[in-house]
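Written out below as structure tokens is the structure these notes cover.
All values reported here derive from a predicted model rather than from experimental measurement. When a ligand or atom number is given, it counts from 1 through the structure's own listing order.
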Amino acid sequence: MPAFVLAHLSDPHLGPLPRPRIAELAGKRAIGYLNWWRKRGRIHSGAVLARIVADLKEQTYDHLAVTGDLVNISLPQEYAPALAWLESLGSARDVTLVPGNHDAYVWTAARYPQTHWSRYLYGDNGDSAETHEPEFPFLRRRGPLALIGLSSAVPTAPLMASGQLGAGQIARLADLLDRCARENLCRVVLIHHPPSSKRAHHLRRLVDGGAMRETLARHGAELVLHGHAHAHLVSYLDGPHRRVPVVGVPSASEMPPGEHDAAAYNLYRIEPEAGAWRCEVVSRGFARDGRGITELRRLVLKSD
Ligand SMILES: [Fe+2]
């Protein structure tokens with residue numbers, strides 16, 4: 001079986017921010033809008049993102065995962081340009097999306113991702129394309145991979161950036177993980193929020209991360225991919241037989257040197273090896289000096 005290469009980018013935070021109507025700036029959006037002009041609009045660059053995407057397109061890969069935060073304060077006008085950007089990456093067959101907290105920033109926008117980007121968010125059964133009601137988690141089979149998409153995107157109070165899966169989604173995740181294990185698929189879980197985070201990031205955490213970690217410990221997964229932290233992160237969670245690698249990628253638009261990490265993306269080269277899955281991660285992105293995009297690192301994930 002030839003290796004399957006999965007590309008992963010996240011958190012483009014597409015600009016420029018459209019001019020909102022006064023009524024749209026009530027509550028949390030007002031803070032987010034000020035924050036964009038004070039800080040975020042200078043951190044995230046369309047030119048940087050364009051160079052990242054151009055570099056990605058020069059690589060050979062089989063599928064692309066995008067782990068959320070396409071938009072910023074969930075203004076209705078932000079979604080069509082974001083769809084155009086998604087389409088510029090590839091068709092919904094070749095690109096899989098999960099939403100981030102900025103994609104469902106306020107209660108009125110809670111279902112905007114499903115409404116506007118549904119083709120990129122539905123599973124192989126396809127029923128959600130007509131109903132605009134994607135069910136999370138969704139399942140897409142691509143080569144030897146089972147791509148399992150979760151939504152941790154829930155509207156929260158001002159100054160909060162937490163995420164939540166809910167008991168129903170976690171129960172369905174457990175069933176899917178078991179079913180895909182029986183099919184000997186390489187289970188890749190896509191989620192915006194990391195399943196665990198530092199205590200200092202309490203307001204940005206996955207609220208039911210403990211339940212997700214317990215589910216992974218019991219049912220296993222070959223890889224968990226996330227965004228949200230805007231940083232290169234590799235960690236491991238307990239699994240039933242092997243450890244579960246968890247990999248976070250920086251924002252694809254963060255100007256070098258980067259408040260967190262400068263813009264980057266990952267390529268995961270996945271192939272069967274000795275009854276398990278070997279996964280080599282190649283990170284490509286801007287060096288801190290911002291001169292150009294290079295290979296930043298290459299490592300093989302250690303699950304045993
Ligand atoms: Fe983000």
Inset, instruction - Sort by chain and number the protein N/O/S atoms found under 2.8 Å from the Fe ion (ligand 1). - result: Asp11 OD2, His13 NE2, Asp69 OD2, His230 NE2

Legend entry - Residue from His201, His230, His44, His232 passing ring pair (Phe, Tyr, Trp, His ring centres under 6.0 Å) with His260: His230

Legend entry - Contacts of type side chain to side chain donor-acceptor pair (under 3.5 Å), residue Tyr79, not counting sequence neighbours: Ser74

Inset, instruction - Establish, yes or no, whether the cationic atom of Lys28 lies under 6.0 Å from the six-membered ring centre of Tyr105 and within 45° of the ring axis. - result: yes

Legend entry - Pair listing, salt bridge (Lys or Arg N to Asp or Glu O under 4.0 Å) test, anchored in residues 198-212, at least two apart: none

Inset, instruction - Check for a donor-acceptor pair, side chain of Asn266 on one end and backbone N or O of His8 on the other, with a separation under 3.5 Å. - result: no

Inset, instruction - Scan for side-chain hydrogen bond (donor to acceptor under 3.5 Å, both in side chains) pairs involving residues 167-182, sequence neighbours excluded, and state none if there are none. - result: Asp178-His219

